[in-house]
Amino acid sequence: MRPPAPAVRRLAARLRRLPPSCGPVRLIGVDGHAGSGKSTFAGLLAEALGGAPVLHLDDIASHAELFAWSGRLLTEVIEPFGRGESAHYAPYDWREHRFGLPRPLPAAPVVLIEGVGAGRRALRPYLAFLLWLEMAPEQAWARGRARDGEEQREFWDGWVRAEAHHFSDDPSRPYAGLLVRQLGKGYEVLPGLRGDPAGHPDVTHREGPPAMW
C-alpha cells in the first residue's frame with residue numbers, strides 16, 4: 001500500500017478534531033457496496049491517522065447473520081467504548097464457519113468501522129462521521145465476484161440479494177458526510193447529502209476538478 005497522499009492526511013487531521021462520539025472514541029464509519037474498495041480506503045486512512053485501529057465488519061458478520069449482527073456489535077464493541085474500555089470481539093472465520101478467539105480493539109482516539117452496513121441506523125448515533133464509497137452496486141459486485149473467484153459464486157448470489165434487501169430497508173448513503181469515488185489514479189471526494197463541506201479543503205464540488213489522493 002502506497003503512503004497516504006496529502007489530501008488523505010488532511011482528511012485524517014480533520015477527523016481527529018471531531019468531538020468523541022462513543023466514550024473517548026471518534027468512530028468513523030466507512031460504508032459502501034461489497035467490492036467498492038472500502039478496505040483499501042480504510043487502510044489508507046488508518047495509516048494517515050497514525051495506525052488507527054480498523055474493525056472490519058467481515059469479522060462481525062457470519063454466514064448465519066449476514067446483517068443481523070447489530071446487537072453483538074453493540075455489546076462487544078460499542079458498550080465497552082462507551083465506558084472508555086477496550087473492546088473484545090470474536091472474529092468470524094468464513095472458511096471454517098465459526099468464530100475465533102476474542103480479539104482486542106483499543107478505545108483509541110479514532111477507530112474506523114469498515115464494511116457493508118457501517119452506517120446502519122443502529123450505529124449512526126455512535127458515529128462521529130460516515131464516509132460512503134461511491135460506486136454503482138453492479139460494478140462493485142462484479143469487482144467482488146472477480147476478486148473472490150468462481151468458488152464463491154453461490155455465496156455471492158445470496159449476498160447480492162441480502163445486501164440489496166439491507167440497503168432498501170436501512171440505507172447508509174443518505175447519511176454520509178462525504179462520498180468517496182475511486183478514480184484511475186486516486187480518489188474524488190464529494191460532499192454527502194448530510195455532510196457540511198465547510199472546513200473540507202479536499203471536498204470536490206461537481207463543477208470543479210477532482211481532488212487526487
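All heavy atoms count here, side chains included; hydrogens, waters and symmetry mates do not.
One finds the CG atom of Leu127 at 11.0 Å from the CG atom of Leu18 (value rounded to the nearest 0.5 Å). Distance OH/Tyr126 to CD1/Ile113: 11.5 Å, rounded to 0.5 Å. Distance CG/Leu131 to CG/Leu179: 9.0 Å, rounded to 0.5 Å. Note that the CD atom of Glu138 and the CZ atom of Arg143 stand 14.0 Å from one another [nearest 0.5 Å]. Atom-to-atom distance recorded for Ser62:OG and Phe99:CZ is 4.0 Å, nearest 0.5 angstrom. In this structure, the separation between CG on Leu27 and CD1 on Ile78 is 5.0 Å, given to the nearest 0.5 Å.
With no hydrogens or angles considered, no side-chain donor-acceptor pair links Trp94 and Asp58 at under 3.5 Å. Arg120 and Ser70 share a side-chain donor-acceptor pair at under 3.5 Å. At a cut-off of 3.5 Å, with distance as the only test, a side-chain donor of Glu163 or His33 sits close to an acceptor on the other residue.
When all heavy atoms are compared, the tightest approach of Pro171 to Ser168 is CD-O, 4.3 Å. Between Trp156 and Ala34, the closest heavy-atom pair is CH2-CB, 3.6 Å. Taking all atoms of both residues into account, the shortest heavy-atom contact from Pro19 to Ala128 is O-CB, 4.0 Å. Nearest approach of Arg95 to Asp93, heavy atoms of both residues: N-OD1, 2.9 Å. What you find for Thr75 and Pro80 is that their closest heavy atoms are O-CD, 3.4 Å. Taking every heavy atom of both residues into account, Leu66 and Ala61 meet most closely at O-CB, 3.6 Å.
When side chains are defined from C-beta on, Leu45 counts as touching Leu15, because their heavy atoms get closer than 4.5 Å. Contact of the His88 side chain with the Val77 side chain is not registered, since no non-hydrogen atoms from C-beta on lie closer than 4.5 Å. Side-chain atoms of Leu49 and Arg16, non-hydrogen and from C-beta on, do get closer than 4.5 Å to each other. When side chains are defined from C-beta on, Ile60 does not count as touching Tyr92, because their heavy atoms never get closer than 4.5 Å. Side-chain contact check for Ser86 versus Pro104: every heavy-atom pair is 4.5 Å or farther apart. Counting heavy atoms from C-beta on, the side chains of Ser172 and Phe167 come closer than 4.5 Å. Contact of the Leu190 side chain with the Val180 side chain is not registered, since no non-hydrogen atoms from C-beta on lie closer than 4.5 Å. Between Leu178 and Leu11, some side-chain heavy-atom pair lies under the 4.5 Å cut-off.
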Next item on the list: Might you work through the side-chain contact (heavy atoms from CB on, under 4.5 Å) test for Gln182 and Glu134, ending with a clear yes or no?
Entry: CA-CA 8 Å; Gln182 188 173 4; Glu134 183 80 336; over 6 Å; no
Next item on the list: Evaluate side-chain contact (heavy atoms from CB on, under 4.5 Å) for Ile28 paired with Val110, printing each intermediate quantity in order.
Entry: CA-CA 7 Å; Ile28 308 300; Val110 181; 3.8 Å; yes
Note to self: Is there a side-chain contact (heavy atoms from CB on, under 4.5 Å) between Leu123 and Leu73? Walk through the geometry before answering.
What the structure shows: CA-CA 9 Å; Leu123 297 184; Leu73 181 62; 3.6 Å; yes
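Annotation for Arg161: atom CZ does not count as buried by contact number, only 12 or fewer foreign heavy atoms lying within 6.0 Å. Atom CZ of Arg147 sits in a crowded spot, with more than 12 heavy atoms from other residues, nucleotides or ligands closer than 6.0 Å. Atom NE2 of His63 has more than 12 neighbouring heavy atoms from other residues, nucleotides or ligands inside a 6.0 Å radius.
A cation-pi contact links Arg124 to Tyr175, judged by a cut-off of 6.0 Å to the six-membered ring centre and 45° from its axis. Taking the ring axis of Trp132 as reference, the NZ or CZ atom of Arg181 does not stay both within 45° of it and closer than 6.0 Å to the ring centre.
Residues satisfying the ring pair (Phe, Tyr, Trp, His ring centres under 6.0 Å) criterion with Tyr89, sequence neighbours excluded, are absent altogether.
Placement of Met135 and Trp141 in two distinct hydrophobic clusters is found when ILVMFWY residues are connected by side-chain heavy-atom separations under 4.5 Å, directly or transitively.
Side-chain atoms of Ser21 never come within 3.5 Å of backbone atoms of Arg26 as a donor-acceptor pair (strictly under, hydrogens ignored). Asp170 contributes a side-chain N or O that, together with a main-chain N or O of Arg121, makes up a donor-acceptor pair within less than 3.5 Å.
Ring pair Phe67/Trp159: centre-to-centre distance below 6.0 Å.
Under the side chain to side chain contact (heavy atoms under 4.5 Å, CB included) rule, Ser36 has a single partner from Leu133, Val116, Val30, Asp31, which is Leu133.
Look at Asp157 and Arg145 and you find a salt bridge, because one of the NZ, NE, NH1 or NH2 atoms lies within 4.0 Å of a carboxylate O, short of that distance.
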